[in-house]
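These figures come from a predicted structure and were not determined experimentally. Protein chains get the first letters and strands the later ones, always in sequence-line order, with residue 1 at the start of each.
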Amino acid sequence: MARFATPPGREDFHEEVWDLARSIPVGRVSTYGRLAALATPPAGMDPAAYRAFGARWVGGAMAHCPDDVPWWRVINAQGKISPRDTAGEQRRLLEGEGVEFDAKGRVDLAIHAWGED
DNA sequence: ATTATGACTCCCA
DNA sequence: GTGGGAGCCATAA
């Protein structure tokens with residue numbers, strides 16, 4: 001499996017991402033791209049490439065994160081839960097924290113989004 | 001060395 | 001608002 005979670009020489013990138021994830025308050029959510037933007041991008045990498053793949057690396061980091069990391073508070077830029085086996089459980093966890101989903105199963109990022117403010 | 005794929009995002013029809 | 005394609009990194013086969 002392509003655990004695409006490692007930018008060139010940035011195994012600690014995971015730790016930074018995990019730390020950012022731990023910084024997400026209860027009842028708030030963030031996106032892969034947002035966390036990637038907050039994390040330190042690999043030097044010399046094209047911003048466009050990082051924008052696109054940084055988000056994937058964040059996803060990869062979440063894929064095998066420690067148990068103390070609130071991976072369920074990380075969703076995609078569409079405000080939806082990324083297709084995954086435990087997507088239903090993720091939604092349940094978020095709802096348990098007070099995060100509201102609309103009829104389309106989407107989170108209102110304007111209210112619950114976190115990462116910059 | 002080449003091909004396929006991935007917890008993504010952006011752009012355009 | 002929805003849907004499909006491109007982007008361009010690293011890992012696995």
Could you check how far CH2 of A:Trp57 sits from P of C:dC8, rounded to whole Å? 12 Å
Closest listed nucleotide, where the reference is the side chain of A:Lys104 and the choices are B:dG6, B:dA7, C:dG1: C:dG1
List, one per line, each side-chain donor-acceptor pair under 3.5 Å for residues 104-111 of chain A, sequence neighbours excluded.
residue, atom, partner, partner atom, Å
A:Asp108, OD1, A:Ala110, N, 3.0

Given atom CZ of A:Arg73 and atom C1' of B:dA7, what is their separation to the nearest angstrom? 17 Å
Grab the N/O contacts between the protein and nucleotides 9-13 of chain B below 3.5 Å, and write none if there aren't any.
residue, atom, partner, partner atom, Å
B:dT9, OP1, A:Gly33, N, 3.2
B:dT9, OP1, A:Ala77, N, 3.2
B:dT9, OP2, A:Ala77, N, 2.8

Whole Å only: how far is the CZ atom of A:Phe13 from the P atom of B:dC8? 14 Å
C1' atom, C:dA13 versus B:dA7: distance in rounded Å? 22 Å
According to the salt bridge (charged side-chain N to carboxylate O under 4.0 Å, His left out) rule, which pairs have a member within residues 35-50 of chain A, sequence neighbours left out? none
Salt bridge (charged side-chain N to carboxylate O under 4.0 Å, His left out) with A:Asp67: which residues, sequence neighbours excluded? none
Is a side-chain donor or acceptor of A:Tyr50 paired with a backbone partner of A:Ala36 at a separation under 3.5 angstrom? yes
What is the distance, to the nearest angstrom, from the CG atom on A:Asp46 to the C1' atom on C:dC8? 9 Å
Just to verify, what does A:Glu97 make a salt bridge (charged side-chain N to carboxylate O under 4.0 Å, His left out) with, not counting sequence neighbours? A:Arg73
Considering residues at least two apart in sequence or located in another chain, which fulfil the salt bridge (charged side-chain N to carboxylate O under 4.0 Å, His left out) criterion with A:Arg91? A:Glu95
Over how many whole Å does the gap from A:Ile81 atom CD1 to B:dA7 atom C1' extend? 11 Å
A:His14 NE2 to C:dC9 P, straight-line distance once rounded to whole Å: 17 Å
